[in-house]
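Below is one structure, written out as structure tokens, with a few remarks after it.
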Amino acid sequence: MGRDDAMALEAATGPAKGRTLVRNIGLLLSGDLAAPVLAAEAILVEDGKIAALGSVAELKDRGPFTGEIDAHGCAVSPGLVDSHVHPVVGDWTPRQNQIGWVESFLNGGVTTMISAGEVHSPGRPRDITGLKAHAIFAQRSFFNMRPAGVKVLAGAPVLEKGMVESDFSELAAAGVTLLGEIGLGSVKAGYEAREMVAWARKHGIQSTIHTGGPSVPGSGYIDKDTVLEADADIIGHINGGHTSLPEGHVCELCERSSRAIEIVHNGNERVAIAAVQAARDLGQLHRVILGTDSPAGSGVQPLGILRLISLLSALGGIPAAQAIALATGNTARIRKLEAGLIEVGRSADLVFLDRAQHTAGRDLLQSIELGDIPGIGGVMIDGAMRCFRSRNTPPAERVPEVLGH
């Protein structure tokens with residue numbers, strides 16, 4: 001078995017051990033919307049966590065290292081979080097019969113994925129006993145085995161008629177923390193969903209509601225009034241997946257709801273821009289999170305989060321460093337993740353990136369604001385390098401180098 005195969009099949013055995021110094025960082029992006037750029041030039045990673053930030057001299061005073069990475073002046077950001085995926089099992093999707101899609105997202109800078117329901121599973125059970133068993137299986141499966149090291153938070157049951165509060169208590173006790181998209185099952189009315197959302201919230205399970213037209217046969221149309229009545233924690237693909245609500249209704253949801261505003265790649269791009277601008281104008285940009293809503297009928301989009309960042313920056317007017325925060329720190333805080341921010345104590349999930357070769361932008365951030373996507377030179381998860389120069393992005397001008405110790 002080759003090195004890449006071994007990495008792809010590796011179980012979730014825990015964070016990398018030892019102390020690694022990441023130095024010569026040209027631009028450190030925090031993931032924090034309020035302060036998206038940090039002054040530090042180096043990161044100390046210890047046992048898979050961020051242990052310290054500062055200058056090389058300061059961090060070298062903290063003792064010997066077991067590893068060292070020279071960033072060669074490229075930027076470092078938190079690992080990107082895809083807030084909306086539909087996994088099934090391992091690194092295979094029956095939706096497109098594609099193997100290796102999660103590993104391909106890793107090459108797009110994604111280090112964490114969050115399930116909005118394992119709805120593409122062949123023969124997905126819709127009886128209550130079966131759907132609970134299916135959710136628990138998915139949660140256990142992806143907890144025990146990370147495709148390519150990517151953290152896939154799965155086990156998101158779709159609501160079906162007949163569920164009672166004890167079902168949510170049982171799911172929570174088994175480790176399930178997510179609900180699949182409300183509207184993809186038989187529960188589609190706002191009043192029905194609201195009761196179940198309240199039960200889920202009581203037991204620590206976060207909810208997402210489908211928004212807009214049906215995505216596939218069997219899913220439902222969810223209008224703004226249903227979204228407001230259900231009061232789910234996440235307004236899932238507010239720009240449609242694929243078909244959006246009218247732009248005015250989307251802006252009304254931004255105004256009238258206090259819940260998270262999820263924008264996806266697999267949706268209406270015009271409405272995506274309207275939604276992020278509405279949130280900005282309301283002073284509510286901290287509510288915006290990004291996802292791909294894939295795999296789907298349009299396929300797998302390994303660079304979907306990068307493309308959304310570029311879209312919202314170039315056409316939505318969001319500064320690039322803040323657009324990156326939408327896909328990192330915003331999601332980390334709303335989803336209660338250990339990663340997603342460059343802060344001491346957080347998981348060392350890092351992306352090494354730089355402006356793509358021959359972009360018109362003078363630096364990384366301007367290239368994004370001009371509509372280009374960056375090149376990725378490496379991705380770290382829990383302190384371990386999981387890929388180096390991306391096979392999917394355009395080539396980065398500068399890439400990191402792992403130095404021997």
Gly340 and Ala332 have their tightest heavy-atom pair at CA-CB, 3.9 Å
Between the main-chain N or O of Val300 and the side-chain N or O of Arg95, is there a donor-acceptor pair closer than 3.5 Å?
no
Tightest non-hydrogen contact, residues Arg386 and Ala148, listed as CD-O, 3.6 Å
Under the criterion side-chain contact (heavy atoms from CB on, under 4.5 Å), I'd like the reasoning laid out for Leu253 against Leu228: C-alpha separation, chi angles, the key distance, then a yes or no.
CA-CA 7 Å; Leu253 286 174; Leu228 291 169; 3.7 Å; yes
Taking all heavy atoms of Pro157 and all of Val176, pick out the closest pair and write down the distance.
CD-CG1, 3.8 Å
For Ile334, is there any backbone N or O sitting under 3.5 Å from a side-chain donor or acceptor partner on Gln206?
yes
Let me have the donor-acceptor pairs involving side chains of residues 369-380, under 3.5 Å, with sequence neighbours excluded, atom names and distances please.
from	atom 1	to	atom 2	distance (Å)
Glu369	OE2	Ala320	N	2.9
Asp372	OD2	Thr359	OG1	2.6

Using a 4.5 Å cut-off on heavy atoms from C-beta on, say whether the side chain of Val158 contacts that of Arg124.
yes
Mind checking the CG-CZ spacing from Leu59 to Arg62? Nearest 0.5 Å is all I need.
6.5 Å
Passing option when His72 is tested against Arg23, Arg398, Glu401 for side-chain hydrogen bond (donor to acceptor under 3.5 Å, both in side chains)
Glu401
Within this structure, what is the CD1-OG distance for the pair Ile238 and Ser257, rounded to the nearest 0.5 Å?
8.0 Å
Report yes or no: does Ser207 contribute a side-chain atom to a donor-acceptor pair with the main-chain N or O of Asp233 at less than 3.5 Å?
yes
Contacts of Glu192 that satisfy side-chain hydrogen bond (donor to acceptor under 3.5 Å, both in side chains) - sequence neighbours left out
Lys161
Report yes if the side chains of Val399 and Asp354 come closer than 4.5 Å at any heavy-atom pair, otherwise no.
no
Rounded to the nearest 0.5 Å, what separates atom CG in Leu312 from atom CD1 in Ile273?
7.0 Å
What pairs meet the ring pair (Phe, Tyr, Trp, His ring centres under 6.0 Å) rule with one or both residues in residues 82-115, with sequence neighbours excluded?
His84-His86, His84-His237, His86-His120, Trp101-Phe105
Taking the side chain as every heavy atom from C-beta outward, state whether Asn268 and Val250 have any atom pair closer than 4.5 Å.
no
So, do Trp199 and Asp167 sit near enough that their side-chain heavy atoms are less than 4.5 Å apart?
no
Residues that Arg194 engages under side-chain hydrogen bond (donor to acceptor under 3.5 Å, both in side chains), provided they are two or more places apart:
none
Could you tell me whether a side-chain N or O of Asp91 sits under 3.5 Å from a main-chain N or O of Val102, the two making a donor and an acceptor?
yes
Has the side chain of Ser367 got a donor or acceptor atom that lies under 3.5 Å from a matching backbone atom of Leu364?
yes
Do the side chains of Glu343 and Arg333 get close enough for a salt bridge, i.e. N-O under 4.0 angstrom?
yes
Is the backbone N or O of Cys254 less than 3.5 Å from a side-chain atom of Arg287, with the two atoms forming a donor-acceptor pair by type?
yes
Determine whether the side chains of Thr226 and Asp223 contain a donor N or O and an acceptor N or O closer than 3.5 Å.
yes
Just grab all the salt bridge (charged side-chain N to carboxylate O under 4.0 Å, His left out) pairs involving residues 375-384, residues at least two apart or on different chains.
Arg146-Asp382, Lys151-Asp382
Are the side chain of Arg126 and the backbone of Ser186 linked by a donor-acceptor contact shorter than 3.5 Å?
no
Distance from Ile114 atom CD1 to Leu178 atom CG, nearest 0.5 Å?
7.0 Å
Worked check of side-chain hydrogen bond (donor to acceptor under 3.5 Å, both in side chains) between His242 and Ser298
CA-CA 9 Å; His242 306 268; Ser298 60; 4.8 Å; no
Which residues pass the side-chain hydrogen bond (donor to acceptor under 3.5 Å, both in side chains) test with Ser83, not counting sequence neighbours?
Glu262, Arg335
Polar side-chain atom of Arg389 near backbone of Ala396 as donor-acceptor pair, under 3.5 Å:
yes
CD1 of Ile99: more than 12 outside heavy atoms within 6.0 angstrom?
no
Give a yes or no on whether the backbone of Ile318 and the side-chain of Ser313 come within a donor-acceptor separation of less than 3.5 Å.
yes
Any chance the side chains of Ser55 and Glu41 put a donor and an acceptor closer than 3.5 Å?
no
side-chain contact (heavy atoms from CB on, under 4.5 Å) for Met163 and Leu131? Distances and angles first, verdict last.
CA-CA 10 Å; Met163 294 182 77; Leu131 73 85; 4.0 Å; yes
Between CG on residue Leu306 and CG on residue Leu353, distance to nearest 0.5 Å:
8.0 Å
Within-4.5 Å side-chain heavy-atom neighbours: Leu179 and Leu159:
yes
Using a 4.5 Å cut-off on heavy atoms from C-beta on, say whether the side chain of Tyr221 contacts that of Leu245.
yes
Any side-chain donor paired with an acceptor under 3.5 Å for Asn266 and Thr292?
no
Heavy-atom pair with the smallest gap, counting every atom of Gly162 and Met196
N-CE, 4.5 Å
Exercise: identify the closest heavy-atom pair between Leu171 and Ala135
CD2-CB, 4.3 Å
Reported CG-to-CG distance for the pair Leu341 and Leu29, which is rounded to 0.5 angstrom
12.0 Å
Run Ile205 and Thr177 through side-chain contact (heavy atoms from CB on, under 4.5 Å) and show every step you take.
CA-CA 4 Å; Ile205 298 174; Thr177 60; 5.6 Å; no
Validation row: Leu285, Leu326 side chains within 4.5 angstrom (heavy atoms):
yes
Asp82 side chain near Leu80 side chain, heavy-atom distance below 4.5 Å
no
Which is it for Gln277 and Cys251 under the side-chain contact (heavy atoms from CB on, under 4.5 Å) test, yes or no, and what are the steps along the way?
CA-CA 9 Å; Gln277 290 178 336; Cys251 293; over 6 Å; no
Assess whether a salt bridge exists between Arg307 and Glu269, defined as any Lys/Arg side-chain N lying under 4.0 Å from an Asp/Glu carboxylate O.
no
So, does Arg355 use its side chain to make a donor-acceptor pair with the main chain of Gly361 at under 3.5 Å?
yes
For Arg270, does the CZ atom have more than 12 heavy-atom neighbours from other residues, nucleotides or ligands under 6.0 Å away?
no
Shortest non-hydrogen contact from Gly149 to Ile381?
O-CD1, 3.4 Å
